[in-house]
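Single-structure report; data block below.
For reference, positions follow the sequence shown, starting with 1. Counting convention: from 1, in listed order, for ligands and their atoms alike.
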Amino acid sequence: MDGPTRMGAADRGEDFVDEGPRGFFGMIGSRIGKPRADAAPNLHTREALLLLQNYEESGRGWFWSTDAKGRLTYISDSVARLMGRTSEDLLGTCFTELFLPADTHGERQRTLPFLLTKQSQFDELPLRSAFEGDDRWWAISGRPQFDDGGKFAGYRGSGADVTAQRRSAEDASRLALYDSLTGLANRFNISKKLDSTLAAFAQQHRSCAIMLLDLDRFKQVNDTLGHPAGDALLKQVAERLLKIVGDKEMVSRLGGDEFQIILPDIEDRGKLGDMAADIINSLSQPYSVEGSRCIIGASVGVAIAPFDGQGSGDLVRNADLALYAAKGNGRGRFAFYSSDLHQAAEDRRALEDDLRDALARGEIALAYQPVVNAKSNMVTGVEALIRWTRSDRGAISPALFIPIAEEANLIWPLGEWVLKKACEDAASWPGDMRVAVNVSPIQFANPELPKVVAKALAASGLSPDRLELEITESVFLGDTAETNRMFKALKALGVRLALDDFGTGYSSLGYLQSAPFDKIKIDQSFVRGATEPGSRNSAIIAAIVALAEALDMETTAEGIESLDQLDLIRKLNVSHVQGYIYSKPVPNAELVEHSIAGSWTIKPSGPARQRNDRFSMFRKVTAIHDNHRYAVVIRNLSATGAFIEGILDVPIGTRFVIDFGEGQLVTATVRRSTKHQQGIEFEQTMVSDGNGGLCTRHRVSPYLIAAAAQQTSELALPAFTTTSDWKPA
Ligand code: C2E
Ligand code: MG
Ligand code: MG
């Protein structure tokens with residue numbers, strides 16, 4: 001703005017500032033005082049105007065005035081410039097056009113046009129600039145002006161830039177609702193959202209699923225690569241989650257490495273299972289964090305309202321229980337909530353308690369499984385496998401209790417005992433058979449491991465080259481330098497190293513180049529896959545074998561059970577085999593007996609082909625026919641059908657509703673029938689429960705069950721005789 005315009009108002013002798021805003025402007029206002037008759041600016045006024053000009057130019061505030069129609073008659077040049085205009089451009093413009101209408105930025109305040117038409121005074125009204133590229137916020141104050149006759153003459157007022165305050169207030173509210181690291185909703189935010197969603201949905205009888213997600217081995221990354229790396233990893237996890245879930249507002253980080261997802265209007269367990277599997281798969285792909293490659297996994301627990309709980313408290317608790325089960329089942333899995341998980345969780349806790357002093361009670365032992373040369377059938381070594389026989393409940397699988405031991409910090413004493421015992425046993429064997437010992441990644445991450453190994457060797461007198469340590473790929477997840485140091489320290493002891501379970505994790509052939517392995521053990525699942533038509537596993541195994549030979553490593557195929565698998569493995573030139581086709585793990589005494597005669601060869605024996613896995617479990621369910629309920633046992637459950645036992649002489653074509661409990665109903669038709677057993681086919685296929693079991697895709701809503709219970713049903717007479725009623729003639 002140029003001088004003359006600015007002077008114009010004062011020249012006209014108007015009371016430019018009668019009740020200015022607080023601060024400097026107010027001070028000048030009181031000095032300028034009321035309009036004077038002579039209208040000529042005296043020294044005071046001129047001084048005041050200069051001060052005003054300085055003030056305007058300092059950018060701390062600006063002034064405006066309008067005529068009775070709301071058109072600008074004055075605006076500080078400084079603000080016009082900020083709006084990308086000159087004050088002259090703006091004169092005559094409607095004052096309200098400088099700002100976005102209130103509703104576009106969600107202000108619940110009286111709008112500016114409303115206040116202006118009412119000719120009300122207003123103070124520090126927050127308004128957002130309407131000029132493109134200028135997202136400033138202004139606090140605008142204004143006073144209506146009246147002429148001597150009391151007629152409204154327009155407004156005078158001031159404005160100040162409050163963008164910074166506004167932003168920090170927004171940041172503060174964002175902080176209260178969003179996780180600052182990932183930008184996802186925080187725990188507070190998501191729990192409010194879940195509360196309100198469930199409350200609204202309960203009235204409308206709609207369903208809503210939640211997933212709780214926990215990263216596997218995140219702690220390991222955090223501990224070995226450092227917290228900044230852990231943070232960077234979490235950000236990438238959040239991005240991957242958003243890609244799958246889509247709705248940003250429904251994904252939240254609860255804290256640490258725990259996430260929660262709300263999925264409104266989904267109850268289909270087929271869909272939810274697919275989504276959970278997608279999430280797990282996506283999060284398990286390698287990450288690049290600060291130049292290091294790292295791999296983590298994820299476990300997911302799913303609970304669905306109203307089936308698994310109607311309030312958020314119950315639903316979250318049950319999803320948590322499902323998550324606990326998913327982790328307990330070996331991680332990298334999902335699980336749906338079901339009421340029997342309460343018992344399972346209790347059992348697991350009891351197991352953990354018992355495990356604490358299983359060693360002291362003498363319940364832990366070792367079994368040895370022969371590793372056989374695939375060509376000569378000669379036993380070259382054995383693998384030590386831990387066995388736990390719980391006094392009252394029999395044998396517990398290491399696949400079940402090793403993860404528990406790892407989580408409960410019991411793996412270290414157990415591992416130390418295994419090393420000591422295996423070395424001791426091996427030192428007492430007649431020949432020079434090797435012994436392989438499994439080393440948990442948690443043991444591997446402990447710098448004390450080489451000392452413990454050295455101690456076991458020294459105490460037993462076993463030659464170090466007869467001890468082989470089996471390590472899984474997950475040891476490569478952490479700090480590479482640390483991992484390499486551990487490899488060096490172990491090799492320096494003279495022991496052998498084997499890469500266990502190859503093909504189950506994120507098998508990178510890169511490891512083989514850098515890590516000093518003497519052997520690769522190809523996992524059972526990989527070999528089994530190879531016998532399936534169309535599988536590329538054979539080609540991959542051939543490549544691994546070629547690479548291993550080039551690097552002077554042995555190969556062992558694990559879990560070979562059938563002759564067709566053995567044939568394949570031999571064709572692919574895998575050098576060693578370990579599996580039931582040669583021998584199950586045996587106690588030390590039996591091993592000594594076999595090897596006492598000198599060299600030990602085993603003739604392979606087993607089924608010609610691998611049998612398909614079938615769910616041959618028994619389960620008690622209810623078969624409903626004509627309003628009558630029959631207790632039956634279900635066998636050989638598959639996604640599409642099963643056998644039922646418990647009813648006699650059921651004609652082919654009979655339709656039942658099978659009640660698996662907890663609202664899981666399936667209609668089924670009898671396709672085959674003998675006196676005692678019926679083969680039934682389901683009309684709706686069942687879906688995976690994430691843990692090798694099956695569940696129904698949909699469930700009958702508790703709302704429906706409640707409604708049905710109110711209708712009294714007629715009691716039908718049973719159409720069939722049950723096994724328990726039947727008496728042989
Ligand atoms: P792993 O090291 O891969 O051991 C091989 C597993 O496959 C053993 O199961 C063995 O009994 C089983 N197996 C061998 N041949 C066959 C076969 O032909 N068919 C089938 N179906 N299975 C076969 P096990 O003894 O139950 O051990 C499971 C896992 O527990 C082991 O897998 C290993 O990861 C872990 N584990 C066992 N002992 C120890 C130990 O002392 N320390 C640690 N840290 N882990 C151990
Ligand atoms: Mg092993
Ligand atoms: Mg293995």
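Close to ligand 1: E383, with a non-hydrogen atom less than 4.0 angstrom away. Using 4.0 Å as the threshold, K584 has no heavy atom nearer than that to any atom of ligand 1. Contact annotation: R387 has at least one heavy atom less than 4.0 Å from an atom of ligand 1. At least one heavy atom of P585 sits less than 4.0 Å from an atom of ligand 1.
Contact annotation: for I560 versus ligand 1, heavy atoms closer than 4.0 Å belong to the backbone alone.
Residue contact annotation: E470 places no N/O/S atom under 2.8 Å from the Mg ion (ligand 3).
Under the ring-ring contact (aromatic ring centres under 6.0 Å, His included) criterion, F526 pairs with no residue at all, not counting sequence neighbours.
In summary, the side chains of D216 and S299 do present a donor paired with an acceptor at a separation below 3.5 Å, with no hydrogens or angles considered. Checked by atom type, the side-chain pair D425/Y368 shows a donor-acceptor distance below 3.5 Å.
Taking the six-membered ring where the residue is Trp, the centroids of F487 and F444 are separated by under 6.0 Å. Taking the six-membered ring for Trp, H576 and Y582 have ring centres at least 6.0 Å apart.
For E383, the N/O/S atom at the shortest distance from the Mg ion (ligand 2) is named OE2. Restricting D500 to its N, O or S atoms, the one at the least distance from the Mg ion (ligand 3) is OD1.
By heavy-atom distance, the residue among W388, Y580, F401, W417 lying nearest atom 22 (N) of ligand 1 is Y580. Nearest-heavy-atom check against atom 36 (N) of ligand 1 across N438, L419, V371, L400 picks out N438.
Under the 4.0 angstrom criterion, atom 3 (O) of ligand 1 counts as having a protein heavy-atom contact. At a distance under 4.0 Å, no protein heavy atom can be found next to atom 9 (O) of ligand 1.
With rounding to the nearest 0.5 angstrom, the CZ atom of F259 is 5.0 Å from the CG atom of L234. Note that CD1 of I471 and CG of L449 are 8.0 Å apart. Values are rounded to the nearest 0.5 Å.
Rounded to 10°, the angle that OE1 of E558 and OD1 of D501 form at the Mg ion (ligand 3) is 150°.
Salt bridge status for K327 with E407: absent, with no side-chain N to carboxylate O gap under 4.0 Å.
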